[in-house]
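Scroll down for the structure; my scribbles are underneath it.
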There are 2 protein chains.
Amino acid sequence: MPIDERLLDVAIEQFGRQGLEGASTRVIAAAARTAMSSITYHYGGKEGLYLAAARRISELITARMGARLAQAAEPDALSPQQAVAQVTAFADGFLAMMLDPESAPWARFIVREQMEPTPAFEVLWGQFMQAVSDYLVKLVLRAGDGRWKLAEARVRAVALIGQVLVFRVSRATALRVNGWEAIGAPEAAEIRRVLHAHIRAILTAS
Amino acid sequence: MPIDERLLDVAIEQFGRQGLEGASTRVIAAAARTAMSSITYHYGGKEGLYLAAARRISELITARMGARLAQAAEPDALSPQQAVAQVTAFADGFLAMMLDPESAPWARFIVREQMEPTPAFEVLWGQFMQAVSDYLVKLVLRAGDGRWKLAEARVRAVALIGQVLVFRVSRATALRVNGWEAIGAPEAAEIRRVLHAHIRAILTAS
DNA sequence: GTCTATACTACGATAGAC
DNA sequence: GTCTATCGTAGTATAGAC
């Protein structure tokens with residue numbers, strides 16, 4: 001693995017944990033087994049490395065979600081029941097990503113950007129968030145079969161996302177509340193059961 | 001306002017934004033208009049100040065949520081319909097806190113602790129999170145009227161929380177998705193409408 | 001109690017050897 | 001391209017004046 005890729009991997013980990021200011025280029029360079037000045041050479045400096053990390057995260061997430069978005073039928077062509085099924089499938093895929101240990105560094109990076117946006121947020125939004133949210137809002141609109149205006153469907157989509165996100169973002173609390181040591185296969189199955197029930201209830205209620 | 005309280009206020013703000021390592025005692029002391037060594041004197045050092053900030057946040061949140069938890073009837077004595085109403089009232093109170101600009105620093109601090117727990121997480125959990133989650137799980141159990149086991153009610157409670165939390169933790173995305181500039185009164189009303197509908201659908205679905 | 005002064009460590013950037 | 005060496009700045013902690 002070339003130096004610039006090693007640097008990106010370490011950067012996502014370190015920036016995710018410590019933030020742009022908190023992370024140290026010394027530590028990043030050492031963990032990538034190279035000299036500090038490699039960061040200047042490849043990315044122009046600390047900020048350049050930070051933006052490159054945001055682009056790399058977008059690539060990794062697009063690689064995971066892209067297949068689903070590409071193969072998905074146009075939401076407008078679906079029946080409401082099919083749209084509910086698609087939302088459920090989306091939630092399963094999103095949950096799997098949120099529970100995958102490898103998503104932890106990305107999640108830390110992204111949550112930081114949510115609460116304290118920097119120019120890197122524009123990268124994340126433009127590279128994958130906008131497409132994902134457009135897709136989900138369309139599905140919700142279709143599942144509602146005309147019951148909801150666009151504005152309401154958007155809020156509903158955000159709330160739906162929240163139900164999945166909480167198991168990554170509030171992981172420590174989720175573990176305590178449930179008395180779990182970790183989220184393994186049985187716990188993930190329990191979460192999926194609940195999310196399926198919630199999605200069906202929310203999207204099919206009169 | 002005495003120096004130690006000024007230090008705590010600034011510390012919550014700074015630690016929330018930059019984390020334990022990222023925040024600087026120089027900046028904190030300067031913003032509190034005192035000398036760096038006051039931190040050592042009052043709190044023993046940076047880490048002591050960090051733990052004190054966690055205790056202060058717990059106090060502030062308890063002051064806001066405590067009234068509701070204290071005046072709330074024992075969940076076991078409620079009818080399922082009353083339990084649904086209580087969950088809705090809880091969600092409204094929690095959402096108001098999440099939308100209140102003054103919650104932003106606390107939220108940043110707490111989210112950091114969720115994703116990268118330090119000993120301060122024990123403080124937050126013990127001081128208010130445990131009581132709040134116990135209360136909510138009991139309400140959900142009661143609303144389910146025997147349909148759900150304890151384990152399922154816990155997962156449902158976490159998912160419910162997620163629907164509210166997302167508007168604080170993923171604020172930047174929520175604004176983009178909805179095309180909002182900020183979350184003012186009309187936007188908050190729209191969110192409440194959706195959350196009420198979701199809670200009713202989730203807790204009363206067969 | 002609160003301050004100033006200072007010791008010591010770590011930071012990011014960069015010049016220059018190879 | 002990748003390294004070492006170094007500069008100037010900023011970090012925490014602490015000693016000691018008042």
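In this text, all values refer to a predicted model and were calculated from it rather than measured experimentally. Chain A is the first sequence line, chain B the second, and so forth, proteins listed ahead of strands; every chain is numbered from 1.
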Between A:Arg26 and A:Thr40, who's closer to the 5' end of DNA chain C by nearest nucleotide? A:Arg26
When the distance from CD1 of A:Ile28 to P of D:dT2 is rounded to whole Å, what number comes out? 17 Å
Between D:dA13 (P) and B:Tyr43 (OH): distance, integer Å: 15 Å
Working for salt bridge (Lys or Arg N to Asp or Glu O under 4.0 Å), residues B:Arg176 and A:Glu122: CA-CA 11 Å; B:Arg176 291 293 179 107; A:Glu122 297 303 320; 2.4 Å; yes
Where the side chain of B:Ile3 is concerned, which of C:dT2, D:dT12, D:dG1 is the nearest nucleotide? C:dT2
Please check the phosphate of C:dA13 (OP1 and OP2 only) for any side-chain N or O of A:Thr25 closer than 4.0 Å. no
So for atom CZ, which belongs to B:Arg6, do other residues, nucleotides or ligands contribute more than 12 heavy atoms lying within a distance under 6.0 Å? yes
Heavy atoms only, 4.0 Å cut-off, all strands: where does A:Ala29 land among base, sugar-phosphate and nothing? nothing
May I have the distance from A:Arg6 (atom CZ) to D:dC3 (atom C1'), rounded to whole angstrom? 14 Å
Among D:dT4, D:dG11, D:dT2, find the nucleotide with the atom closest to the side chain of A:His42. D:dT2
Nearest to the side chain of A:Met36 - D:dG1, C:dA15, C:dA13? C:dA13
Residue pair B:Thr62 / B:Gln127, side-chain donor-acceptor N/O under 3.5 Å: no
Distance in angstrom units between A:Lys46 NZ and C:dT14 P, rounded: 14 Å
Distance, rounded to the nearest Å, where A:Met1 contributes CE and D:dG1 contributes C1': 18 Å
Take the protein atom CD of A:Glu47 and the nucleotide atom C1' of C:dC11, then report the distance between them rounded to whole Å. 15 Å
When rounded to the nearest 0.5 angstrom, what distance separates CZ in A:Phe167 from CD1 in A:Ile183? 7.0 Å
Measure the distance from CD1 on A:Ile39 to C1' on D:dG1 and round it to the nearest whole Å. 15 Å
Which nucleotide, C:dA15, C:dT2, D:dT2, lies nearest any side-chain atom of A:Ser37? C:dA15
Kindly point out which of C:dC11, D:dT4, D:dG1 is positioned nearest to the side chain of A:Ser24? C:dC11
When you look at CD of B:Glu47, are more than 12 heavy atoms from neighbouring residues, nucleotides or ligands closer to it than 6.0 Å? no
The residue, A:Leu20 or B:Tyr41, whose nearest nucleotide of DNA chain C is more 5′ is B:Tyr41
Given atom CG of B:Leu49 and atom P of D:dT12, what is their separation to the nearest angstrom? 11 Å
Measure from the side chain of A:Ser38, starting at C-beta and using heavy atoms only, and say which of C:dG12, D:dT2, C:dT4 lies closest. D:dT2
